Structure formats: C-alpha cells, structure tokens
Amino acid sequence: MAESSTGTTQEQSPSGLPIKPIPGNYGIPILSPIYDRLHYYYFQGHMGYFKSHVAKNNSTVVRMNMAPRIFISRNPRVVAVLDAKSFRVLFDPSKVEKKDIVTGTYTPSLSLFSGIRPMTYLDTTEQLHSSLKSFSFHLLASRKSQFIPSFHEAYSSLFDLVERKIASGPVEFNSLNQSTAFDFTCNAFLGAVPSEVIGPSASNKAAIWLLFQLHPLASHLTKFIPWPIEDLLLHCFPLPPCLARSDYEALVEFFSKAGESLLEDAANKFGLLRNVALHNLIFMTTFNANAGFKIFMPILLKWLTYAGETLHSRLAQEIRSAVKSSNGMITLNALENMELTKSVVSEALRLDPPVENQFGRARTDFIIESHDTAFRVKKGELICGYQPLAMRDEKVFTNAEEFIPDRFVGEGKKLLEYVYWSNGPETAAPTIGDKQCAGKDMVLLVGRLFVAHLFLRYDTFSVVHDGMLLGLEPRMVFKSVRKASDQ
C-alpha cells in the first residue's frame, strides 16, 4: 500500500505501480456491440478503433467490445492490451489459456477441418499440442534445405510474369502472389507443386477454404457491395461450411499423397493418428504458412514502395555485394550478412504484422501492468492484444509510426525484443510449451529472400498501393520496373 496525494492509501503492484480499475465499458447489450463492430470495420478501421478507445480512456489497457458478434461469437467483451509492456502477458502460458481463441471472440466450425481441432486452437496444457508442435518442428527441420530453391523457383517465375505483363499495362501483384505463395509453400514442405497436381485453381481452393474460416475478420470484399449488405453477409452469420467442402476435399487428396512420408513420420515418431496429422499438415501449410505469406509479401512491397529509390539503392548494393561474396548464390550465410535487409523485414513486421490480433483467456485472477499503471484481470476474461498499436509504442520506439529501414541495425537489434508478430518476442525461440509461431525463422527467411530477389533483379520499381483486399492485405499494383544495371 502507498499513500496517494489525497492522503488515502492506494494498493500497489509488486513492482510498485498503483493498481486501478480497468477503464472503459461495454455499453448497451446488443446495440453497443453492433455500433462498435461497424466502427471497427467501416467507420474508423482497425487502428482508428483501438486508438479512439485509448484516447477516450487515457489508458492502453481498456475494456471494449471486439467484433464480430451476432450469431457468430457468444461474447464480444475483451480487455484490450495496447502497449508493448502489457501486451507481453499474452505470451505467458501460466497466466493465459489459448484454447479455441486464435480468431478471438469466435471459433470456426470444426467441420472445416473434418472435425479435427488444429494445433493453433489447442492450449499448451493439452497433450496433443506438444505432439503436434514437435511434428511441426520436425517438418521445418527436415525440409529446410528446400526453402531457398523452392522460393527461387516460384518467385523467379512470378517476376518473369510481371515483366511480360507490364508491357501491356499495370500488373496486380496480389493475384499472382496468391498462386505463387501456395505453390512455394507446398513445394517447400512437401516437394509437390499444387498448381501442377490440382491445376491452376489450386490456390483458389485454398483461398475459399481460408475465407470460410476468416470471413468474420474480413471486410471490403469489393467496391460493388454496399457495406450494410457486406456486414450482413460476413459478420452476422457463419457461412455454411458445406460450401467449401469440395475445395477442402481437393486439398485433402493432394496433401494425403504429397505428404505421405511426413504422415508416416507423424505416426512413427510422434504417435499421431494419420487423420489428425493429415488435417494439421493441411492447416500448418495452408493457413499458418501460406496465408501468412499471401499477406506478408504485399506488406513488404508496400513499405519498400513508400521508402523510395534511396532505400532501393542501399538495399541493392548490400544484397548484390553479399551474394557476390557467396559465389553469386543466395545462401543462408549471404542473407545473414544483409543487415539492412534483415532490419527492413523486421520493421515491416513491426508496423504491419500479418496477424493483427492475439488473444488469451485469463487462467486465474492476476495483475497486469502497463508502463505506469497496474490493473486487476479476473479469471475467465478474454484479453485482446492489437499488435500494430502495441508495436508502435512511443515509450519503446522512437518515431514509432514511421518506417525506419535501419531501426534494427547495430544497437537497434536490442529493440527486436519488442517485435511481437510471431506471438512472442522476435528474440525468443519457440518451444513445445508455448504458442509462439513454430515457423518464425522461416517467415524471416522468406521475407529476406523476397527483398533479396527483388533487388538482385531490379534497381528500383514503381508500385502503387491501391487500397486493401478483404481488409487484410494491401493491394499492390506494379506500374514499372527498372532492371538491375549490372545485369
């Protein structure tokens, strides 16, 4: 206890911060969640919605409603943690449970996964989580030698296509990246290319399956659908899973054959039933990896575009020098020597993480701390962290709203501790006992490969950021490219 300025005693946290009630409220049942949902998706946008609650309550820990609600989620009430310090509670498995909350206040129908709960929806205390995460580590370790050649094959073809098409006019990157990312991910993990086995519609089948899981999080499908109609379609009722069944069955057939050796390993080395391993392999590849790359590549391209030719020149010089020193090949050692490139990738992930929100349900009553205040959280309360705001914490990052390419070079590497896109600090390594992304290092590798391939091939380029697709990824359109001057 400590004495306040009014002479009364005030309870303090173990670290000496005053303990106060969490500000904010949930408003009028039914009406307020609808009002808040519309502001989240349409009137303010995600960032504006969270910032408005911080400003209104003068606190980065606040009670609020979280979308979607109405026949999709049972309870929209969350405690939002919106600064770099309070956000870290979401990484502590002793304090928060992660069962069935990766998508927040709703959970997609299990029929989308043939009745199997994917690892992402399991809590760390469930035995199956440990087995599946061990299997995911095995998958990544056994196939890591294929990541670089598979990426080169897939994205060299993409940029070849961009160059052919750009002579006739602007070229949208996103549609090309959707098929390329899926081909790359499957080839890297399975040694098979889905567009060659299933056909050109392979990535569309994966995208449809993903949409049926994530539609409550999406918005702005098309400018031709008025937002009231879109809100009714996407955010008020779950889409019937049966409509995605044929697309998922095509994925099941492909993964069952292409992943045969991995499925045998899952049974023999980790004791997993084939059906459990199969549907988790599909989820790891198509949801965790492919969906992330589908969003992350346009994000990288967006920030590289905003940074302009000065950064392009610096990156080209660094990348070409490192590759030249590695006998003209992009290798792990060459990538490791690209300090600016690594910083650019981490800075893009800081500002625009592919997964915006992280969730956790309080296992027990505990105290949560922001930079200057402590709060009591009750057992069972849902905690929501909005990463793009937590990672723009001005008390941690100088000029936090700005894209600073070399922010994480030299002494700046210490700040990687506060880059949370992987559901854990970028300086931490995932384990079977936590929920940090098993493929964290692969994501960083792929981001660096993307930047390296761009600037080995081009001196600079003109790309336009033309709105958002589904409210989840920036739409990027190539206008022109300038081939590398030393080619």
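Remember, it's a predicted structure, so these values are computed and weren't measured experimentally.
- With E381 as the fixed residue, the salt bridge (charged side-chain N to carboxylate O under 4.0 Å, His left out) test singles out one of R63, K95, R361: R63.
- Closest approach of M442 to F184, counting heavy atoms only: CE-CZ, 4.0 Å.
- Taking the six-membered ring for Trp and the full ring otherwise, the centers of Y420 and F91 sit less than 6.0 Å from each other.
- Rounding to the nearest 0.5 Å places CG of L301 at 5.0 Å from CZ of F450.
- For Y35 and H39, the ring centers are positioned less than 6.0 Å apart.
- A distance below 6.0 Å separates the ring centres of F43 and W227.
- Results of the ring-ring contact (aromatic ring centres under 6.0 Å, His included) test with Y40 over H46, H53, H235 single out H46 as the only residue that passes.
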Begin from the C-alpha positions of T185 and F293 and carry the test side chain to side chain contact (heavy atoms under 4.5 Å, CB included) through to its verdict.
-> CA-CA 9 Å; T185 308; F293 298 145; 3.5 Å; yes

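- Among residues two or more places apart in sequence or in another chain, the side chain to side chain contact (heavy atoms under 4.5 Å, CB included) test is passed with K324 by none.
- Rounding to the nearest 0.5 angstrom, the gap separating the NZ atom in K223 from the CD atom in E230 is 14.5 Å.
- Between the SG atom in C437 and the NZ atom in K435 there is a gap of 11.0 Å [rounded to 0.5 Å].
- Note: H465 and Y306 have tilted aromatic rings, judged against thresholds of 30 and 60 degrees for the angle between ring planes.
- Contacts of Q44 classified as side chain to side chain donor-acceptor pair (under 3.5 Å), with partners at least two apart in sequence or in another chain: S52.
- A salt bridge links K133 to D434: at least one charged side-chain nitrogen sits closer than 4.0 Å to a carboxylate oxygen.
- Aromatic ring centroids of Y41 and H220 lie 6.0 Å or more apart.
- Among residues two or more places apart in sequence or in another chain, the ring-ring contact (aromatic ring centres under 6.0 Å, His included) test is passed with F461 by H312, F455.
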